[in-house]
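In what follows, a single structure is set out as structure tokens and then discussed.
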Amino acid sequence: MTLQSAEKIRFLKEFTRQEPIPEAGIKRALELMQSGRLHRYNTAAGEVSEVALLEKEYAEYVGAQYCLGLSSCGSSIYVALKSVGVLPGDKILCNAFTLAPVPGAIENAGAVPVFVEITDDYLTDLEDLGNKAAQSDAKYFLLSHMRGHIVNMDRVMEICRDLGITLIEDCAHTVGCRWGKTFTGRFGKVGCYSSQTYKHMNSGEGGLLVTDDDDVIAKAILYSGSYMLYERHISRPPMEVFDRYKKIIPNFSLRMSNLAAALIRPQLADLERQCRRWNERYNLLEAELTGVPHIRFPKRQAKEGYVGSSFQFTLIDTNITSVENFLKTCAERGVEIKWFGAKEPIAFTSSWKSWQYVKDAQQLPNTKKILDFMCDFRVPLTFSIDDCKTVAAVIRQVAGKIFSK
Ligand SMILES: *Cc1c(COP(=O)(O)O)cnc(C)c1O
């Protein structure tokens with residue numbers, strides 16, 4: 001019996017199932033609920049709120065001067081754009097392969113995205129970045145480290161310096177990731193992170209914003225909805241910095257709740273171990289799929305300290321019909337693969353073509369070609385190493401079946 005005719009392998013676990021919240025987080029959340037002190041500014045005399053403690057710990061973890069907790073990464077990006085001085089009508093460069101909340105944050109700030117092409121390795125095309133910067137005269141680059149793929153940050157910094165561009169990083173999917181020894185989010189003027197359920201720390205919803213800049217953090221704290229209670233932050237600049245802005249910055253009410261912070265703090269303490277567990281799974285999947293005809297992986301650069309919490313590959317030397325067959329057959333066998341090449345946006349997956357509120361339809365032929373053949377799936381930590389072997393076996397078997405025709 002050949003491998004092709006072997007029994008059909010099926011996978012039975014859910015790709016959307018996350019691990020439980022650590023016991024310490026559940027215990028702390030219960031205490032908070034018993035005290036009723038869920039709002040970050042509802043503290044007893046002398047007490048430091050759970051959100052304020054998290055902000056201090058996260059700033060220390062990534063080596064930033066300041067951190068602010070917010071309601072989501074999307075709202076963090078919005079607040080970051082406002083705080084660095086983006087005005088309505090400003091152009092913002094952004095890699096076209098990103099998630100819908102990213103152009104959403106740009107639109108929310110009244111600004112206009114200028115999409116930049118990506119490369120075969122799913123990274124921002126730095127040549128196109130230079131071209132689009134010159135054509136548009138944009139002075140901001142919102143770099144989204146989409147699905148944890150980290151572009152050469154040394155070159156990004158050179159380009160931004162040369163062209164006088166302010167960099168903001170969307171690190172929703174790169175909590176715990178580094179370029180060289182530096183955490184993502186620490187290259188730009190501001191870095192934004194997510195603690196939404198599908199990311200590396202889970203509080204349902206949540207965002208963290210970091211910066212070293214006194215004025216940016218003071219503005220961000222005010223925008224987030226601090227009322228005149230910003231003194232209670234322990235990750236903040238001197239009080240006089242707030243005096244410059246306290247009457248001219250609106251309160252957007254985008255705070256993080258103490259409950260979210262209580263769930264995140266023990267996950268932050270355990271983050272490095274979790275990242276290693278993701279990479280064990282990622283590296284195994286890559287090893288199991290290496291050499292399978294028609295499957296290509298992105299090249300990872302030596303300085304890229306990635307966290308493989310999701311897996312992407314490109315189907316090569318084939319056509320769209322075969323890609324559709326491949327995805328359908330994998331799904332029938334329990335392996336749920338996302339596809340950015342679909343004509344209609346589905347669930348969390350949409351591409352720049354369906355963000356039609358963006359004026360000036362932009363042609364991105366390379367990005368289209370790449371996304372048409374890119375496969376994407378989550379690697380939740382509820383999958384054991386054996387589960388990952390089964391996922392790889394399904395993909396290998398289905399690829400053999402579809403592409404041998
Ligand atoms: C999830 C995600 C976001 C949005 O994060 P939220 O916390 O859900 O707002 C932004 N960018 C990328 C790349 C993401 O993966």
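For ligands, and for the atoms within them, numbers begin at 1 and follow the listed sequence.
- Judged by distance alone, the side chains of His149 and Gln312 do bring a donor and an acceptor atom under 3.5 Å apart.
- Counting heavy atoms from C-beta on, the side chains of Lys189 and Asp213 come closer than 4.5 Å.
- Checked for salt-bridge contact, Glu127 and Arg155 miss the test: no charged N lies under 4.0 Å from a carboxylate O.
- Each ring-ring contact (aromatic ring centres under 6.0 Å, His included) pair with one or both residues in residues 20-39, not counting sequence neighbours, appears once here: His39-Tyr41.
- Side-chain contact between Leu99 and Thr349 is absent, with no heavy atoms from C-beta onward closer than 4.5 Å.
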May I have a table of the N/O to N/O pairs between ligand 1 and the protein that fall below 3.5 Å, each row giving the two atom names and the distance to 0.1 Å?
unit_1	atom_1	unit_2	atom_2	d
ligand 1	7 (O)	Cys73	N	2.8
ligand 1	7 (O)	Ser194	OG	2.7
ligand 1	8 (O)	Gln196	NE2	3.1
ligand 1	9 (O)	Cys73	N	3.3
ligand 1	9 (O)	Gly74	N	2.8
ligand 1	11 (N)	Asp170	OD1	3.3
ligand 1	11 (N)	Asp170	OD2	2.7
ligand 1	15 (O)	Lys199	NZ	2.9

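- Between atom CG of residue Leu259 and atom CZ of residue Arg28 there is a gap of 10.5 Å, rounded to the nearest 0.5 Å.
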